[in-house]
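The block underneath contains the structure these notes are about, expressed in structure tokens.
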Amino acid sequence: MQGKRGAFVGRDIVPCWIADMDFEAPRPVVDAVVARAKHGIYGYTDASAELEDLTLRRLKTLYGSTETPDRSWLRWLPGLLPGLHHAVRAACQSREDRVVLLTPLYPPFLAAVERNGATLVQIPLIDSGASSIEIRFDLDWERLASELAHPATRLLHFCNPHNPAGRCWSRDDLERVARLCVESDVVICSDEVWGEMPLEPERAPFCSMLGLLPSDGGGGDVPGLRERLIFLTSPSKCFNVAGLDLAVAAVPHEPLRRRFCAGGSDAAEVTPFGYVAATAAYGDAESELWRQRLLLYLRANRDFAFGALTQAEGVRATCPEASYLMWVQVPGLLAGTTAAAFFEAHGVGLTGAAEFGGGDDCVRLNFGTSRATLEEAVSRMLRALENL
Ligand SMILES: Cc1ncc(COP(=O)(O)O)c(C=O)c1O
């Protein structure tokens with residue numbers, strides 16, 4: 001958040017906006033990048049067999065793939081965004097082809113549809129109004145079923161855990177979504193990058209679409225899903241290496257994989273630094289311990305920010321089950337003022353909701369920072385709210 005200050009540069013603004021963290025990557029990752037830098041030759045590079053093995057193991061263990069993933073499934077990408085674009089190109093041929101997504105949603109999902117000449121269909125998540133202080137987003141099943149059944153719908157751009165809703169969709173949710181897609185012959189692109197960061201696995205476990213593939217012994221939980229699944233992930237969010245530009249797609253079904261790869265033939269190559277960082281993140285035991293400590297720290301940050309902000313009159317927020325992103329809704333703003341502009345004027349840089357397909361009264365708070373910085377941001381927000 002400090003590296004990319006955007007419009008906040010040179011101003012007294014606490015940056016709690018773009019989705020990266022203020023923490024150094026785990027030591028093995030830093031060491032691996034330094035060692036690679038010292039190598040001195042930075043030519044075109046492929047993923048090593050070691051990284052491929054580590055990734056396949058992670059898909060099986062952390063993501064719970066019920067089918068043993070195969071090397072051939074993998075396609076390395078210089079970030080998740082290219083994968084979102086390639087998925088649209090793989091599934092859609094014309095302007096009439098529709099892509100369904102659930103808003104509010106990380107804005108580049110929406111842009112990926114429009115830039116690739118398909119028709120965007122937004123289904124608002126429903127705030128199930130868990131309590132007067134908590135926003136809890138749920139799927140609108142009726143709308144989802146009807147939009148997926150539309151004959152021109154080709155793709156569901158799915159985000160799990162969802163940015164910015166913070167929900168880890170339950171296994172039942174996933175199964176229902178997958179069945180609806182199969183029934184209507186719709187491809188699912190499931191971006192699961194935040195699956196590496198569940199904050200409360202005992203209450204809200206992360207489940208992956210990979211867990212609905214046919215098991216090795218035969219028999220699928222959701223027959224037909226395998227033929228329609230594009231899975232995306234990356235170490236970028238969890239290990240704070242987003243600037244190293246590496247992500248991976250896993251596409252089990254060969255014909256779909258061919259279309260996905262053809263749709264991505266213009267993508268840049270992954271850099272050698274991305275590969276070595278991913279290898280150290282996935283392969284080194286110290287990185288895994290770092291991840292566990294990080295999740296505890298973030299959970300405490302989440303509880304602090306949620307507790308403090310929702311004490312302000314009328315403020316509601318998500319209590320995210322994964323990620324370091326909180327959706328905050330502010331009542332009583334002057335007409336024409338956005339919550340993001342309001343807080344920026346009071347010294348906190350947040351992400352506005354409009355580009356997510358959300359309301360002007362909402363902002364996204366990034367709590368992936370030190371407690372001291374978060375306390376400063378939250379106290380500025382509370383002071384601002386007192387002046388409302
Ligand atoms: C769900 C999701 N997908 C993709 C991205 C962007 O990833 P990348 O920087 O690898 O393109 C983000 C960034 O916040 C995200 O939240």
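Counting convention: from 1, in listed order, for ligands and their atoms alike. These figures come from a predicted structure and were not determined experimentally.
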Requested in this report: Return the option from Tyr106, Phe158, Phe109 holding the heavy atom at the smallest distance from atom 15 (C) of ligand 1.
Outcome: Tyr106

Query raised in the report: Please walk me through it: do Tyr275 and Ser48 pass side-chain hydrogen bond (donor to acceptor under 3.5 Å, both in side chains)?
Result: CA-CA 8 Å; Tyr275 285 130; Ser48 64; over 6 Å; no

Taking non-hydrogen atoms only, is [X] closer than 4.0 angstrom to ligand 1 via side chain, backbone, both or neither?
| X | result |
| --- | --- |
| Leu81 | both |
| Cys159 | side chain |
| Leu80 | both |

Query raised in the report: Between Arg179 and Asp221, is there a side-chain N and carboxylate O pair less than 4.0 Å apart?
Result: no

Report summary line: A student checking ligand 1 against Ala19 at a 4.0 Å heavy-atom cut-off should list atoms 14 (O)

Query - Which of the ligand 1 atoms, numbered from 1, are nearer than 4.0 Å to a heavy atom of Asn163 - result: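 So the atoms of ligand 1 that pass are 14 (O), 15 (C), 16 (O).
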
Query raised in the report: Given the rule in the side-chain hydrogen bond (donor to acceptor under 3.5 Å, both in side chains) test, do Asn160 and Ser190 qualify, once you have shown the distances and angles that lead to the verdict?
Result: CA-CA 7 Å; Asn160 174 40; Ser190 192; 5.1 Å; no

Requested in this report: List the closest protein heavy-atom neighbour of atom 13 (C) of ligand 1: residue, atom name, distance to the nearest 0.1 Å.
Outcome: Lys237 NZ, 2.9 Å

Query raised in the report: Which protein heavy atom lies closest to atom 2 (C) of ligand 1, and at what distance to 0.1 Å?
Result: Asp191 OD2, 3.4 Å

Requested in this report: Take Ser72 and Asp70 through the side-chain hydrogen bond (donor to acceptor under 3.5 Å, both in side chains) test and state the conclusion after the steps.
Outcome: CA-CA 5 Å; Ser72 65; Asp70 186 79; 2.6 Å; yes

Report summary line: Value for CG (Leu51) from CG (Leu74), rounded to nearest 0.5 Å, stands at 8.5 Å

Query raised in the report: Quick one: does atom 9 (O) of ligand 1 have a protein heavy atom under 4.0 Å from it?
Result: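 No; the ligand atom in question lacks any protein heavy-atom contact below 4.0 Å.
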
Query raised in the report: Are Phe8 and Trp17 near enough that their ring centres are under 6.0 Å apart?
Result: yes

Requested in this report: State yes or no: are the ring centers of Trp327 and Phe356 separated by less than 6.0 Å?
Outcome: yes

Query raised in the report: Is any N or O atom of Ser236, backbone or side chain, closer than 3.5 Å to an N or O atom of ligand 1?
Result: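 N/O-N/O distance under 3.5 Å: no.
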
Report task. Examine ligand 1 and decide if any of its atoms is less than 4.0 Å from a heavy atom belonging to His162. Result -> no

Query raised in the report: If Ile, Leu, Val, Met, Phe, Trp and Tyr residues are connected whenever their side-chain heavy atoms lie under 4.5 Å apart, and connections chain through other members, are Leu388 and Ile133 in the same group?
Result: yes

